[in-house]
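Because the structure is a prediction, the values reported are computed rather than measured.
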Amino acid sequence: RGELAYQWGQKNDVQISAIGFNGRMKYLFKDARSHSVHLDYEYRQGDSENDGAFDPLWGRHAQWSPLYNDSVSTLEEPIDYSPNYHRIGVGVRSKPLPKTQFGADYNILFSDRHPNSGRAGFTSDGDLRGQLGRAFVKYKINEHISTRLLGEVFFPGNYYDDSRNDVATFAQFQLIFNW
């Protein structure tokens, strides 16, 4: 699957010419444990000014990482607005037990441009935004109630200077009711 969007026009008196792509290739093993592997690629590119960069509009919900989208990316702009990056991700999914699903992902992010060059907290020549690992376990209690335990860890790259080079972690437990 893949999504490609081109944006143009004006925002806050800045001319916009930006592009965004999000895609996934997935292989299903079709075995008893429902194993699958996937490869993700995401690209956001736009003007060097943040107002002229690709704007995800209403798609700011954390689609691949609550830690990165809701925390790390806010160092630059509003939630899930990191304007110029490449993200490459690989992951696995499995159902080790009938009511249990397990997943693990690794993502590496690179800067497409340096819109933050010269700003406090950022380097002027680093291309590696960082690496993010995540794992989750879902358990379906019954047809209406399930749980999810999610853990993520982000290792900043040389895109950030030493003042913003701490490892970030995130853990979440959810109890989900579905009718």
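A donor-acceptor contact closer than 3.5 angstrom is absent between the side chains of R129 and Y85. With 3.5 Å as the limit, one finds no donor-acceptor pair spanning the side chains of Q101 and R148.
For the atom pair CZ (F122) and CZ (R164), the distance works out to 4.5 Å, reported to the nearest 0.5 Å. Atom OG of S65 is separated from atom CG of L150 by 8.0 Å, given to the nearest 0.5 angstrom. Separation of atoms CZ (R33) and CG (L97) is listed at 7.0 Å; rounding is to 0.5 Å. Separating the CE atom in M25 from the CG atom in L39 is a distance of 4.5 Å, to the nearest 0.5 Å. How far CD of Q7 is from OG of S17: 10.0 Å, rounded to the nearest 0.5 Å. Rounding to the nearest 0.5 Å gives a distance of 13.5 Å between CZ of F155 and CG of L109.
Distance alone, capped at 3.5 Å, is enough to place a donor-acceptor pair between the T123 side chain and the N158 backbone. With hydrogens and angles disregarded, no donor-acceptor distance shorter than 3.5 Å links the side chain of D127 to the backbone of Y159. Of the possible polar contacts, none joining the H35 side chain to the F29 backbone as a donor-acceptor pair under 3.5 Å is found. Using a distance-only test at 3.5 Å, with no hydrogens or angles considered, a donor-acceptor pair links the side chain of E152 to the main chain of L67.
Screening residues 3-26 for ring-ring contact (aromatic ring centres under 6.0 Å, His included), with sequence neighbours left out, gives Y6-W8.
When hydrophobic clusters are built by joining Ile, Leu, Val, Met, Phe, Trp and Tyr residues whose side-chain heavy atoms come closer than 4.5 Å, directly or via intermediates, V90 is grouped together with L128.
At a threshold of 4.5 Å between non-hydrogen side-chain atoms, the residues N107 and W64 count as touching.
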- prompt: When you look at Y106 and Q131, which way does the side chain to side chain contact (heavy atoms under 4.5 Å, CB included) test go after all the steps?
  reply: CA-CA 7 Å; Y106 169 78; Q131 303 172 67; 2.5 Å; yes
- request: Go through the steps to decide whether H144 and I176 satisfy the test side chain to side chain contact (heavy atoms under 4.5 Å, CB included), and finish with yes or no.
  value: CA-CA 8 Å; H144 298 293; I176 303 159; over 6 Å; no
field: Residue pair K138, L149: steps toward the side chain to side chain contact (heavy atoms under 4.5 Å, CB included) verdict
entry: CA-CA 7 Å; K138 294 180 181 179; L149 179 62; over 6 Å; no
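For N142, the CG atom counts as densely surrounded, since its 6.0 Å shell holds more than 12 non-hydrogen atoms of other residues, nucleotides or ligands.
Taking both residues in full, the closest heavy atoms of H38 and D105 are given as NE2-OD1, 2.9 Å, listed atom of the first, atom of the second, then distance. Taking every heavy atom of both residues into account, D31 and S34 meet most closely at OD1-N, 2.9 Å.
A salt bridge does not link D40 with K26: every distance from a Lys NZ or Arg NE/NH1/NH2 to an Asp or Glu carboxylate oxygen is 4.0 Å or more. E42 and R44 are joined by a salt bridge, as a carboxylate oxygen and a charged side-chain nitrogen come within less than 4.0 angstrom of each other.
Evaluation of the side chain to side chain donor-acceptor pair (under 3.5 Å) rule for S163 yields D161 as partners, not counting sequence neighbours.
Not less than 6.0 angstrom separates the ring centroid of F110 from the ring centroid of H86.
Relative orientation of the Y160 and F154 rings is perpendicular, given thresholds of 30° and 60° on the angle between their planes.
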